[in-house]
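The structure appears right after this line, and notes come after that.
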Amino acid sequence: MVDSSFFSGGGYAYPDFYAYPPYFTLQPVKETREKQMSCWRDLVVSFTRANRVFEFETKTFELFENKSINRSLNESARKAIVDDLCAHGLGETCEGSGGGTVRVLWRSLQEWQSCVLDWAHRTGRRGDVLTVEELCDSSEVAGEEFRGMPPSMMERILRTLEKQKKVMIFQGTDQDDLGVKFL
Amino acid sequence: MAALVLDDLVLSASRRPELLESEIELCWVQSADLEFDKHKGETWRNGTLAVTSHRLLWLKPEHDADHQTTSSAPARDCSLPLSSIKGHRGVNSFFKKTPRVILSVWRSAEGRPACAEAAQAEELDEVSVALRGPSGSYDTMEKNLTLALSRQEWKRAPLRKTGLTVGETYALATERQRGATSSARVGASAAGIGGLVRKQREDNLRADKSIDGAFKDLAALMDKAREMVDLSAKLKEALRENAESADDTNDEDKGIEKFLLTLGITSVVTKTTAGSMFHQQLSQQLSDFLEEPLKKSSGALALVDVYCIFNRARGIELVSPEDLIEAAALFPKIGAGMRLRKFESGTLAIQSSEHSDEALYEKLEAMAQEGGKPVGIGPDDVAGGLDIPLILAREYLLMAEQDQVLCRDDGPDGLRFYRNFFRDLFEY
């Protein structure tokens with residue numbers, strides 16, 4: 001899910017405080033913790049946007065561990081950050097993951113909806129039928145922001161669009177294979 | 001004839017009387033008036049009276065509201081040596097509301113109380129002490145005054161002589177115990193090196209006993225008080241001489257010195273002597289006592305440590321933790337230069353009034369940086385850096401965390417604290 005180029009030293013510049021050990025300990029004092037949470041919120045959003053991360057596993061998320069200073073967030077701290085993200089509308093736990101997988105909304109769902117619709121209009125897809133898979137990752141969507149999005153997330157976006165009568169979703173031959181038609 | 005002129009009484013910072021060498025307090029009573037009977041109209045009202053082994057002490061009320069401006073000699077803290085008292089009689093009748101103890105006092109030509117033996121003491125004057133305090137004050141005072149007068153502590157010459165070694169002081173102390181019966185008898189068993197060693201051992205044993213043992217009652221205490229003061233004074237002196245002669249005073253000496261500082265409150269405040277004024281008196285004694293230890297430990301002491309050193313200094317009549325807390329809580333009331341502090345965790349400490357949290361935080365923040373780089377500090381670093389007990393260091397860190405000066409890192413090295421950079425991030 002994470003662009004591997006990031007780990008080979010590409011691109012993302014961590015803020016200074018990422019190297020401060022207390023950043024990885026859940027602060028017990030309310031005021032300090034609020035500031036800490038705010039820092040984490042900003043970092044998660046900026047990191048995921050920069051690296052085009054759509055989902056992460058709370059338990060294993062790379063960002064939650066800084067090996068260079070030998071610090072890692074503990075379970076309750078991870079949960080606190082995820083809860084805080086969700087509370088601010090910047091994330092949601094994925095259906096059926098038991099809360100373990102988090103969808104980061106560095107763009108809001110509404111923004112993604114218009115993003116997808118915009119692409120369909122721009123490329124004259126009205127009336128065409130595509131699979132969700134194709135919509136997520138194929139040469140058709142090369143260079144689009146939603147490229148690489150997990151199908152489950154795409155489905156979530158399309159379901160909303162379906163309610164707005166913008167698309168129609170139908171079951172394909174395979175159980176996992178969903179088709180979508182832009183209206 | 002002019003009024004009797006009583007001696008001034010020197011008080012400590014916390015308004016505890018400065019006692020003479022080996023003088024001990026026997027009791028305290030409140031609401032005592034001094035009436036100089038032969039000079040009508042002269043009454044010093046509502047003071048606090050103490051009977052000690054050597055003197056009567058009278059402290060004027062702290063807030064002297066009904067101060068008599070008409071009086072020729074305004075009330076002041078004063079003392080009357082027991083040696084000048086020829087006799088006393090009590091007036092405690094069912095029909096009179098206020099019991100009195102009337103003292104006949106020898107006076108010199110200048111109008112000062114004089115020792116009975118002094119040749120010029122020919123005149124007698126009378127002072128009555130009116131006891132308006134709680135019932136029982138009269139009995140307490142009468143009893144203790146009689147005891148003190150009968151013992152005539154003041155007649156015993158102070159033991160202390162200059163130039164005695166520690167050993168000699170020990171010997172003197174033990175000599176007194178043995179009394180006349182076992183004077184220096186030289187027998188076969190006492191001869192030779194073996195005899196000397198044995199004698200030394202016996203002496204040591206007795207000295208130990210005199211330190212440990214048998215401060216059973218006030219009368220016995222009076223016997224011991226002088227010896228103990230002498231002993232501790234002597235030890236301190238010897239140590240000081242040592243320190244002067246040797247340029248590099250090693251840590252061990254300092255340790256002993258520190259220990260000795262905590263030795264020896266001659267006249268301990270007890271419930272028996274202070275009665276209803278117990279906590280106030282105890283508070284005063286405690287604040288006087290703690291001045292030195294507080295200085296030595298950077299202005300703060302954990303109450304548990306205070307409890308230990310204070311009780312060690314008392315030696316007998318230990319105070320309970322509850323009484324100690326109550327006494328410490330009275331510091332603001334008696335205007336002591338320290339206060340009781342309760343930390344979030346419930347830990348109690350006594351801090352010098354000069355302590356300020358802001359200054360402390362600055363120090364902590366400075367410690368959490370090394371060459372401009374943030375470093376983590378733990379209780380051990382703070383205890384070492386500020387020279388304070390570990391338990392307080394921990395409290396300070398938690399307090400600083402609470403006030404958003406520091407933040408925690410619960411890493412592999414245990415709990416460390418860093419400068420609160422979160423706060424910095426949001427300051428602009």
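Just so you know, these numbers use all the heavy atoms, side chains as well, and skip hydrogens, waters and symmetry mates. A, B, ... follow the sequence lines: proteins, then strands. Residue 1 opens every chain. These numbers come from a predicted model, not from an experiment.
Looking at B:E370 and B:K373, no side-chain N of the basic residue comes within less than 4.0 Å of a carboxylate O on the acidic one, giving no salt bridge. Between A:E65 and A:R78, none of the side-chain N atoms (NZ, or NE/NH1/NH2) sits under 4.0 Å from a carboxylate O, so this pair counts as no salt bridge. The pair A:K79-A:E75 does not count as a salt bridge, with every side-chain nitrogen at least 4.0 angstrom from each carboxylate oxygen.
Your options are B:Q404, B:E401, B:Q402, and the one with the most heavy-atom pairs under 4.5 Å with chain A is B:Q404. Looking only at heavy-atom pairs under 4.5 Å with chain B, the residue among A:L26, A:N74, A:V29, A:D16 that has the most is A:V29. When A:F17, A:Y20, A:Y23, A:F24 are compared by the number of non-hydrogen pairs under 4.5 Å with chain B, A:Y20 comes out ahead.
Residue B:D410 touches chain A through both its backbone and its side chain, counting heavy-atom pairs closer than 4.5 Å.
Taking the six-membered ring for Trp and thresholds of 30 and 60 degrees, A:W112 and A:F54 have ring planes inclined between 30 and 60 degrees apart.
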